[in-house]
Each structure stands twice: as C-alpha cells, then as structure tokens.
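One-based numbering along the sequence shown. These numbers were taken from a predicted model, which means no experiment stands behind them.
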Amino acid sequence: MVYFIGAGPGDPDLITVKAMKILQIADVVLYTGSLVPKEVLTWCKEDAIIQDSQGMKYPEIFDILKLHQDKIVARVHTGDSSIYSTIAKQIVFLKEQNIHYEVIAGVSAAFGAAARLGIEYTIPGVSQTIILSRIAGKTPNPEDLNNILSCKNSSLVFYLSILLLKKLKKQALDLGYNPNTPCWVIEKATWKDEMIYKGTIDDIQTKVSHIKGIALIMMGDFLYQKETQLSHLYV
C-alpha cells in the first residue's frame with residue numbers, strides 16, 4: 001500500500017494526525033528532501049527505509065514503489081499532494097501495476113501563509129474567488145497570465161514564480177492594475193526562517209530581488225482585508 005502524504009508547508013506541526021500515524025507504521029518512506037522538513041521524519045520507526053527522492057527521475061521512483069509494493073510505503077510531498085506534486089503520474093503507474101494507494105490531505109503553502117499573516121482570502125464585496133497558479137517560465141502554463149490577471153476581483157496566489165515578478169508586474173500594469181495594488185511575498189511560509197515582505201505591484205520586486213528559493217506571491221485588493229459589503233453570515 002502506498003500512501004501519498006502532504007507534509008504541510010514547512011512547520012512540522014502542520015502535518016495531519018492521519019499522516020503522522022502512517023509515518024509511524026511505514027516500512028518505507030520516500031520524501032522530497034529539498035522541501036519536506038527533516039523534523040517530519042522523526043515520526044518514522046527506527047527500522048524504516050528512508051530515501052530522499054531529490055534528484056531522482058520517474059523511473060527511479062517507480063522502481064522503489066514497485067520494489068516495496070508488499071510493504072507500507074509513505075510517499076511524502078510538501079504542502080498538499082494535490083498541488084504541484086506530480087502524484088498524478090505516480091498514480092497512473094500504481095494503477096498500471098495494480099498497487100493500492102491512498103492520498104492523505106495536507107496543508108498547502110497558500111493556507112499556511114494566510115494563517116501566518118492572519119488574513120482571509122474571501123472578503124465580502126471584494127473577492128469570493130481564490131486563484132492558485134504559477135507564472136509560466138521554463139515550465140509552461142496552459143492558462144495565459146493575462147487571463148488569470150483579468151480576474152481582478154479574485155484573490156491571486158502564485159506558486160513557484162518568485163523569479164518571474166518582473167513579468168507579473170508588467171502584465172498587471174498593462175491590464176490596468178493600479179500600481180498601488182497590494183502585492184506580498186512570503187518566503188518559506190511557516191518555516192522557522194520565514195520572511196514576509198509587504199509591498200505593491202510597483203515596488204515589491206525591489207524588496208525581494210534577493211530571493212531565489214521557496215516563496216509565495218499574493219496579489220489583490222483582498223489584502224486590505226476591508227469589506228465593501230456586509231456579510232450576511234452573522235446578521
């Protein structure tokens with residue numbers, strides 16, 4: 001049995017109880033070493049086979065999953081496995097090999113970051129839609145960035161895009177965004193060395209030009225956290 005586990009965005013305490021229980025009984029643990037905090041592995045039993053998948057190609061990962069198909073295998077990804085994790089390709093392989101699997105939900109960086117910032121994505125009268133995406137670079141995005149940015153009343157969150165802020169700024173301004181629209185960057189959200197940078201579309205790039213690694217970009221008027229209409233929930 002293979003269990004796909006979302007280990008959370010960085011804080012090891014944000015792993016779910018269900019995922020923790022699987023790690024405690026797993027015979028084999030295959031984790032994304034560059035992104036999963038090592039503290040998560042402290043839940044593993046002493047005789048567990050623990051391997052870092054960083055640098056592995058799909059055939060190597062598939063070989064490990066097949067080799068240990070008669071054992072309890074924890075395939076540990078960062079955040080939640082449903083976002084930028086490549087589990088779809090791995091599940092296709094498992095189905096072809098008739099290997100049973102289960103996916104255990106985790107906390108994605110977008111929600112870990114929101115909690116750390118103390119913000120809500122859905123503000124009455126401002127935004128009732130969240131768009132999680134990435135800006136096309138070496139990895140293409142089938143959805144054109146202009147189409148995403150055209151949803152101006154949405155709460156925009158970009159993964160894996162910190163090196164493409166210049167492109168985001170240009171296209172947002174070309175589409176008529178106010179240069180003072182809030183744009184925040186959360187580097188290593190929920191990790192011990194987390195850093196938060198608050199700015200605007202116009203100036204955020206200069207504030208975060210040193211960041212080369214893990215960071216999340218938030219953009220939109222929802223960051224003001226001010227309702228323009230009354231919520232009917234508590235009235």
Side-chain angles (χ1 to χ4, degrees), residues 6-14 32 34-39 77-80 83-85 106-123 126-139 141 143 145-146 148-228:
D11 182 347
D13 289 339
L14 288 179
T32 309
S34 60
L35 298 172
V36 173
K38 300 300 185 292
E39 293 91 335
H77 290 278
T78 186
D80 178 78
I83 302 176
Y84 303 119
S85 69
V107 179
S108 181
F111 304 114
R116 293 288 295 154
L117 290 164
I119 64 170
E120 180 180 353
Y121 283 118
T122 51
I123 306 297
V126 178
S127 173
Q128 294 291 288
T129 301
I130 307 168
I131 297 178
L132 307 180
S133 190
R134 66 181 297 172
I135 301 169
K138 290 182 180 179
T139 301
N141 186 343
E143 189 65 56
L145 180 57
N146 280 345
I148 297 170
L149 294 176
S150 292
C151 301
K152 294 184 179 181
N153 295 320
S154 298
S155 301
L156 303 176
V157 183
F158 294 98
Y159 287 71
L160 308 169
S161 301
I162 192 62
L163 300 180
L164 296 165
L165 262 175
K166 183 177 181 180
K167 180 177 180 180
L168 176 63
K169 173 182 177 178
K170 181 182 184 305
Q171 293 194 224
L173 294 178
D174 286 349
L175 281 172
Y177 273 77
N178 187 320
N180 292 321
T181 300
C183 188
W184 299 356
V185 169
I186 303 84
E187 182 182 16
K188 301 191 73 172
T190 80
W191 291 72
K192 289 181 180 179
D193 51 349
E194 167 193 275
M195 293 295 291
I196 296 170
Y197 304 88
K198 296 183 178 181
T200 65
I201 291 175
D202 192 50
D203 67 11
I204 191 64
Q205 186 182 355
T206 60
K207 296 182 178 183
V208 299
S209 59
H210 62 285
I211 301 176
K212 307 300 180 185
I214 306 167
L216 203 69
I217 304 168
M218 297 180 176
M219 191 174 83
D221 288 341
F222 76 97
L223 291 170
Y224 289 122
Q225 295 291 286
K226 294 181 179 179
E227 298 180 358
T228 60

Are any side-chain N or O atoms of Gln225 and backbone N or O atoms of Glu120, one a donor and one an acceptor, separated by less than 3.5 Å? yes
How about Tyr197 and Ile211: do any of their side-chain heavy atoms sit closer than 4.5 Å? yes
Determine whether a donor-acceptor pair (N or O, by modelled atom type, separation under 3.5 Å) exists between the side chain of Trp191 and the backbone of Pro9. yes
Rounding to 0.5 Å, atoms CG (Leu216) and OG (Ser108) come to a distance of 7.5 Å
Looking at every non-hydrogen atom in both residues, tell me the closest pair between Ala110 and Leu132 and how far apart they are. CB-CD2, 3.9 Å
Reported CG-to-CG distance for the pair Leu145 and Leu175, which is rounded to 0.5 angstrom: 8.0 Å
Heavy-atom closest pair, residues Met219 and Tyr177: CE-CE2, 4.0 Å
Closest non-hydrogen atoms of Val36 and Ala7, given as atom of the first, atom of the second and distance, are CG1-CB, 4.1 Å
Nearest 0.5 Å please: distance from the CG atom of Leu168 over to the CD1 atom of Ile162. 9.5 Å
Check whether any side-chain heavy atom of Thr190 sits under 4.5 Å from a side-chain heavy atom of Asp13, and report yes or no. no
Hey, is the main chain of Gly137 close enough, under 3.5 Å, to the side chain of Thr139 for a donor-acceptor pair? no
Could you verify whether a donor N or O on one side chain and an acceptor N or O on the other, from Ser127 and Ser155, lie under 3.5 Å apart? yes
Measure across Lys226 and Ile123 and return the closest heavy-atom pair with its distance rounded to 0.1 Å. O-CG2, 3.5 Å
If you count heavy atoms of other groups shown closer than 6.0 angstrom to NZ of Lys38, is the number above 12? yes
Determine the minimum heavy-atom distance between Glu187 and His210, stating which atoms define it. OE1-NE2, 4.4 Å
Looking at every non-hydrogen atom in both residues, tell me the closest pair between Tyr159 and Ala109 and how far apart they are. OH-N, 3.8 Å
Looking at Tyr84 and Gly79, would you say the former's side chain and the latter's main chain have a donor-acceptor pair under 3.5 Å? no
Measuring only between side-chain heavy atoms, which start at C-beta, is Asp221 closer than 4.5 Å to Thr181? yes
Give a yes or no answer on whether the side chain of Tyr224 reaches the backbone of Val126 with a donor-acceptor pair at less than 3.5 Å. no
Is any side-chain heavy atom of Leu223 closer than 4.5 Å to one of Ile119? yes
What residues form a side-chain contact (heavy atoms from CB on, under 4.5 Å) with Leu173, not counting sequence neighbours? Lys169, Pro179, Ile201
Could you check whether any side-chain heavy atom of Lys192 comes within less than 4.5 Å of a side-chain heavy atom of Glu39, counting everything from C-beta outward? yes
Once you round to the nearest 0.5 Å, how far does CZ of Phe222 lie from OG1 of Thr122? 10.5 Å
Report the distance from atom CD1 of Ile217 to atom OG of Ser161, rounding to the nearest 0.5 Å. 5.5 Å
I'd like to check Ile204 versus Met218 (side-chain heavy atoms, cut-off strictly below 4.5 Å). Are they in contact? no
Return yes if a side-chain donor-acceptor contact under 3.5 Å exists between Thr200 and Asp203, otherwise no. yes
Are any of the side-chain heavy atoms of Leu163 and Lys212 separated by less than 4.5 Å? yes
Examine distances only and state if a side-chain atom of Asp80 and a backbone atom of Gly6 form a donor-acceptor pair shorter than 3.5 Å. no
Quick one: CG on Leu156 to SG on Cys151, what's the gap to the nearest 0.5 Å? 7.5 Å
Flag, side chain of Lys167 to backbone of Ala136, donor-acceptor distance under 3.5 Å: yes
